[in-house]
Amino acid sequence: MTKIEARTAKGMRDFLPADMLKREYVIGIVEEVFQLYGYEPLQTPILETSETLLGKYGEEAENLIYSAKHGRQRDSKVAMRYDLTVPLARVVAQYENQLTLPFKRYQIAPVFRGENPQRGRFREFYQCDADIVGVANMSADAELVSLVVTVVRRLGFDKFTVKINNRKLLTGMGQYSGVPDDQLADLYRSVDKFDKMGAKGVAAELKERGIADDVIERMLTLLQTKGEGIESLDSVEEVMGNFPIAVEAINELREMAENLKMLNVPSENYQFDFTVVRGLGYYTGPIFETVLDDGSIGSISGGGRYDDLIGIFRKNSLPTTGVSLGIERIITIMDEKNMYPANIGGTVVDVLVTVFNKEMQGASSALAQGLRNAGIRAELYMTDSRLKLGKQFNYADKKGIPIVAVMGPDEAEKSIVRLKQLSTGEEITLAQSDAAAKIREMLN
RNA sequence: GUGGAUGUAGCUCAAUGGCAGAGCACCUGAUUGUGGUUCAGGCGGUUGAGGGUUCAAGUCCCUUCAUCCACCCCA
């Protein structure tokens with residue numbers, strides 16, 4: 001029989017135990033902070049009806065949506081979720097009578113995109129979303145920024161910035177500069193590359209798209225408006241005070257700034273940056289994304305307001321804003337910089353209980369069960385070959401199990417046990433009834 | 001979708017067109033109540049796949065597949 005090559009599909013990954021322990025550490029912090037801010041868990045299916053997913057993300061993104069069908073189906077009527085935001089909109093519309101507004105939910109789950117994988121980018125990846133449905137004012141948007149800052153700080157990052165902009169402001173700038181309405185999308189796409197290409201690169205690309213030189217110049221000057229805190233907002237308002245949509249945008253950002261202050265968000269962790277665009281089509285108001293100051297990877301979180309999305313599933317829309325943490329990128333960086341506590345990774349086992357010989361298996365099993373009942377994560381040694389203590393120690397050492405409990409005839413007879421801490425080689429003998437307490441002490 | 005790089009043992013990699021190798025890992029023993037070190041031995045291959053050139057191909061040529069990196073886009 002020919003063997004099937006063991007491999008994962010393109011862009012898909014397995015997480016072995018050592019990786020999973022790190023992921024669970026990161027996800028645990030994210031979830032803890034989400035709950036600290038009062039967000040509730042939600043789970044939705046991986047498969048949604050195609051109708052639910054299509055037409056929400058823009059043409060380019062739509063090409064990356066996986067469809068799914070079973071063997072007896074000719075056409076695919078369902079597709080794999082592309083993010084967690086559209087499913088949320090669906091849920092809100094579907095269960096509105098069971099939900100109390102404002103609805104604050106979080107969801108940590110895999111999503112699927114048929115992109116070409118590269119560093120920190122995969123076809124299946126986890127998103128960690130927190131969203132607020134039913135609040136139109138900026139206290140919601142500011143809370144999300146505060147939430148992101150708290151998560152990222154707790155994970156051990158200190159040099160990072162949440163860049164904040166407003167879709168309405170971009171539209172206003174386009175109108176002021178004289179960009180035709182039908183070219184606004186092109187404009188956004190080019191401006192989005194500001195980080196990589198700089199002002200000159202963006203200018204060149206806009207020119208290529210057929211936008212006039214003087215328009216480009218006005219636009220780029222506005223985009224690059226800089227200033228401490230809300231100063232940049234003042235400067236932009238001076239120029240665009242006559243454009244209602246720009247004024248609306250600026251007022252929203254001012255309101256956000258006030259709220260961020262009330263929430264004590266460290267000022268070095270956020271700034272207004274008018275070059276932030278964000279790709280997804282559904283954003284309508286403030287938008288934000290988080291970048292590490294050393295620029296080592298793309299954004300590690302993104303979000304913004306999408307007041308119209310729920311309206312696709314329901315007669316009246318609901319004001320909604322949300323944020324998504326890019327946990328895969330965060331983990332990529334944390335792996336590279338080894339930002340995990342020392343006790344993360346390796347194994348979950350606290351103690352290995354040895355088995356001296358076949359006759360002694362009962363005594364060892366009883367000890368292991370006793371430890372488990374006391375809350376100690378105990379592994380009972382198992383093998384198909386000859387039982388040898390040396391091999392059992394070797395096994396514990398290789399797996400990174402910190403403590404070995406030696407249980408032999410002498411110990412069984414006297415109801416004692418020998419505990420050995422592998423890191424120090426230190427060994428003590430004590431009553432079996434005291435073992436759990438002692439192990440707990442040795443683990444600290 | 002576009003461009004570049006790379007595919008040899010489980011992993012990391014060698015091998016002028018001339019016998020497919022090393023290190024690590026794994027298993028066994030030295031060592032029948034104690035791990036990391038050491039020593040001895042063992043397991044392990046359709047050189048990604050298919051075709052071509054040649055007395056001879058891991059090596060050269062063609063095709064194809066896969067992976068990685070970058071672009072596009074995005075978390």
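Residue numbering restarts at 1 for every chain, and letters A, B, ... go by the order of the sequence lines.
With hydrogens and angles left out, the side chain of A:K388 and the base of B:U32 share no donor-acceptor pair within 3.5 Å. Between the side chain of A:K391 and the base of B:G35, no donor-acceptor pair under 3.5 Å is found. Put simply, the side chain of A:R386 and the base of B:U32 share no donor and acceptor less than 3.5 Å apart. At a cut-off of 3.5 angstrom, counting only N and O atoms as typed in the model, there is a donor on one side and an acceptor on the other between the side-chain of A:D397 and the base of B:G35. Donor-acceptor pairing under 3.5 Å, judged by distance alone, is absent between the side chain of A:R121 and the base of B:C69. In this model, no side-chain donor or acceptor of A:E427 finds a partner on the base of B:G33 within 3.5 Å.
For the C1' atom pair drawn from B:U47 and B:A66, the interatomic distance equals 15 Å after rounding to whole Å. Look at the P atom in both B:G17 and B:U12: the space between them is 25 Å, to the nearest Å.
Note on A:R123: every side-chain N or O is 4.0 Å or more away from OP1 and OP2 of B:C74. Of the side-chain N and O atoms in A:Q127, none sit less than 4.0 angstrom from OP1 or OP2 of B:A75. Taking side-chain N and O atoms only, A:K398 has a distance below 4.0 Å to OP1 or OP2 of B:C27. Using a 4.0 Å cut-off, no side-chain N or O of A:K399 falls inside it from OP1 or OP2 of B:G35. Contact annotation: A:K10 does not reach the phosphate of B:C68 (side-chain N/O to OP1 or OP2, under 4.0 Å). OP1 or OP2 of B:C71 lies within a sub-4.0 Å distance of a side-chain N or O belonging to A:Q118.
Among the protein residues, A:E411 comes within range of the nucleic acid bases, having at least one heavy atom under 4.0 Å from a base atom. Across all strands shown, A:Y126 has no heavy atoms under 4.0 Å from either base or sugar-phosphate atoms. Across all strands shown, A:S324 has no heavy atoms under 4.0 Å from either base or sugar-phosphate atoms. Looking at heavy-atom distances under 4.0 Å, A:N357 makes no contact with the nucleic acid at all. Base engagement by A:N116 is indicated by at least one non-hydrogen atom pair under 4.0 Å involving a base atom.
Side-chain contact, A:Y340 with A:D335: a donor N or O sits under 3.5 Å from an acceptor N or O. A:E289 and A:S301 are not linked by any side-chain donor-acceptor pair at a separation below 3.5 angstrom, with hydrogens and angles left out of the test. Side-chain atoms of A:T321 and A:D141 include a donor-acceptor pair closer than 3.5 Å. Judged purely by distance below 3.5 Å, without hydrogens or angles, the side chains of A:E62 and A:Y82 never pair a donor atom with an acceptor atom.
Judged by Watson-Crick or G-U wobble contacts below 3.5 Å, the nucleotide B:C24 has B:G10 as its partner. Pair assignment for B:C39 gives B:G29, based on Watson-Crick or G-U wobble hydrogen-bonding distances that are each under 3.5 Å.
Distance, A:L389 CG to B:U31 P: 16 Å, rounded to whole Å. What separates CZ of A:F393 from C1' of B:U32 is a distance of 15 Å, to the nearest Å.
Formation of a donor-acceptor pair under 3.5 Å by the A:D273 side chain with backbone atoms of A:K163 is not found in this model. A:K168 contributes no side-chain N or O that, together with a main-chain N or O of A:N166, makes up a donor-acceptor pair within less than 3.5 Å.
Side-chain atoms of A:R119 lie closest to B:C69 of the nucleotides B:C69, B:C68, B:G33.
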